Amino acid sequence: MTTLWHGRFEGGPAPELLAFSESLSFDRRLAGDDIAGSRAHVRGLVRGGILTPQEGTVVLTALDRVEVEIADGTLEFLPSDEDVHTAVERRVTALAGEPGAKMHTGRSRNDQVATAFRLFVKRELGMVAGKVLVLQEVLHARAVEAGAAYLPGYTHLQRAQPVLLAHHLLAHAWALARDVDRLLATRKRMDVSPLGAGALAGSSLPLDPAAVAEDLGFAAAFDNSLDVTSDRDFVAEGLFDIALLGIHLSRIGEEVWLWATDEFGFLRLDDAWSTGSSMMPQKKNPDIAELVRGKAGRLIGDLTGLLATLKGLPLAYNRDLQEDKEPFFDALDQISRALDALSGLLATATFVTDRMQAAADSPYSAATDLAEWLVERGMPFREAHTIVGAVVRDSLERHVPLTELVAAHPALGDDALELLEPGVSVTRRTTPGGAGPVPVAAQIEAFAARLQADKARVPHA
Ligand code: ARG
């Protein structure tokens, strides 16, 4: 068996070593990015006079061929192909002969793998951001459609003050806007090419990392070869961005799950986006919401696993770093499916607004309005709070309707009664960013503008 290092070794590798150390089973996903890196490297070798233009052409043609073979599944992988980089190079050499054997000049798998993985992560973080925009679009559309519908706003999961449904939906959409921001910021920070760093120290050959970086569409080349071949902070950051995004999705999932209960009854799931029970014919289950919530735990695991791998690694490359890929692939696959599923669920769910409004119309929800009404008439807020609190307590203890007690109260009276009418309270939230119709109308506009701006920032969105 021929390895990349057979010259130095008398015997071949043990099968158990290969079984344990191979990464081909998962890193073949980097094939396209590995080939892109190799193309740029070969062009650099030609510019540096290390390969003749003819040799360069032969190798580039072989790379094109390997790309096709990978796409149509005809590239044969061998047991000795430790990883995708080995497999591609072996095949290129078989196709191109001696010029193919020159492809790896001035390069190590350490800068090669870092380059391929940066290309991959950079692109896929943009893809995730694009899917977040789709979900945000759904939330925005549902907010527009919600009009004047309102529901109880909760703190401690206790009814607090009524809020517009649009306001509630957009609360999640704004959180997702920060996720988009984070993904793009990570993308920008990691936009650095490692190619030319070699195994750890650079090269004696006339390589030009800046030109290769430009060829690959990176914003810059590395500043320090030890750093760029050994740090995977860009993967950890991407995993953090995805984990936090997953946590935001999980919070949405939790509410969908709660709202779909008979007890809440605020939301009905479309058949295509819910599941039944194998035993109980009446059931309609919010499995998507639950899986989204469950996957968030897994995404946190992907992040913390990699952080633990990176901790304490001395400079520069260590084989531990091969453990960077699986958590990222996993997080990427899970988050993109979760985004698609949640977007579909939310686009098709029915909001049961009469149930929401009935729940919000309890006169107790307007207690803060009563206190603020007294404040408007000159009373210190603490005093107003105490007065309204006592009226609420009296109503609950003696089972007398709040409206009756408010009408009879010397400081409140008939004029204050209007505040307890269904739908009035929410209209009184008039401050910017608040939950009432006036600020929410402005918010819907502001969010639409933000979405447009983000679409222009996210690649291919
Ligand atoms: N598959 C390896 C990885 O993902 C490639 C680098 C191997 N480098 C080495 N010096 N053994 O990290």
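None of the values given here were measured: they were computed from a predicted structure. We count ligands from 1, going down the list as the structure has it; atoms in each ligand are counted the same way.
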Legend entry - Side chain proximity check, L139 to L176, heavy atoms < 4.5 angstrom: yes

Inset, instruction - Return the residue, atom name and 0.1 Å-rounded distance of the protein heavy atom closest to atom 2 (C) of ligand 1. - result: Q322 OE1, 3.2 Å

Legend entry - Parallel, tilted or perpendicular: rings of F264 and Y154 (30°, 60°): tilted

Inset, instruction - Note the single closest protein heavy atom to atom 11 (N) of ligand 1, along with its residue, its atom name and the distance in Å. - result: R109 NH2, 3.7 Å

Legend entry - Per atom 6 (C) of ligand 1, closest listed option by heavy atom (F117, Y317, W5): Y317

Legend entry - Within-cut-off N or O pair, E82 and ligand 1, under 3.5 Å: no

Inset, instruction - Might you confirm whether atom CD of E69 has over 12 heavy atoms from other residues, nucleotides or ligands at distances under 6.0 Å? - result: yes

Legend entry - For atom 10 (N) of ligand 1, closest protein heavy-atom neighbour: N110 OD1, 3.2 Å

Legend entry - K325 touching ligand 1 at heavy-atom level, < 4.0 angstrom: yes

Inset, instruction - Between D324 and ligand 1, find which residue part has any heavy-atom pair under 4.0 Å and reply side chain, backbone, both or neither. - result: neither

Inset, instruction - Considering only non-hydrogen protein atoms, determine which one is nearest to atom 5 (C) of ligand 1 and report residue, atom name and distance to 0.1 Å. - result: D83 OD2, 3.2 Å

Inset, instruction - Examine R118 relative to F218 and say whether NZ or CZ is less than 6.0 Å from the centre of the six-membered ring and inside a 45° cone about the ring axis. - result: no

Legend entry - Residue pair H41 / Q112, side-chain heavy-atom distance below 4.5 Å: no

Inset, instruction - Mind telling me whether F329 and F120 have parallel, tilted or perpendicular rings, with 30° and 60° as the class edges? - result: perpendicular

Inset, instruction - Inspect the surroundings of CZ in R268 and state if more than 12 heavy atoms from other residues, nucleotides or ligands are less than 6.0 Å away. - result: no

Inset, instruction - Would you mind running through ligand 1 and noting each atom that sits below 4.0 Å from a heavy atom of S23? - result: 1 (N)

